[in-house]
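For reference, the structure discussed in these notes is given below.
Keep in mind the model is a prediction, meaning the values are calculated, not measured. All residue numbers in this chain count up from 1 along the given sequence.
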Amino acid sequence: LTSEEFDQLRIKGWGRSSPAYHAIIGLRLGEAVMILKTEWKRNKPPSSICRAIEKKFKDMKVKYRCVRLADDTGWAIKRIA
């Protein structure tokens with residue numbers, strides 16, 4: 001591939017470039033996001049991303065509340081600190 005061809009490729013997001021990661025890390029204090037199971041492709045729940053972010057930014061005291069919806073269709077995540 002040439003450099004131009006490589007730049008034109010459509011690539012999948014993975015890891016910390018995923019839309020879910022950016023949605024969670026972009027939350028401001030008091031804001032929340034809902035992730036549906038149909039949108040979630042990982043084996044681990046979104047709380048694993050929340051824990052990783054909390055661990056990475058522990059000096060900033062970032063905290064989330066991640067709960068599963070009662071109808072089991074997804075999760076709600078709220079930034080609490």
Gln8, CD: over 12 other non-hydrogen atoms inside 6.0 angstrom: no

Side-chain heavy atoms of Trp40 within contact of Arg42, under 4.5 Å: yes

same_hphob_cluster(Met60, Tyr21) at 4.5 Å side-chain heavy-atom cutoff: yes

Side chain to side chain donor-acceptor pair (under 3.5 Å) involving Arg51 - partner list, sequence neighbours excluded: Ser47

Trp75 to Pro45 - nearest heavy-atom pair and separation: NE1-CB, 4.0 Å

Flag side-chain contact, heavy atom, 4.5 Å: Ile53 against Tyr64: yes

Side chain to side chain contact (heavy atoms under 4.5 Å, CB included) partner of Ile35, chosen from Ile77, Leu69, Thr73, Ile49: Ile77

Minimum-distance pair of heavy atoms, taken over all atoms of Pro46 and Ile24: O-CD1, 4.5 Å

All pairs passing salt bridge (Lys or Arg N to Asp or Glu O under 4.0 Å) where residues 66-80 contributes a residue, at least two apart: Lys37-Asp72, Arg68-Asp72

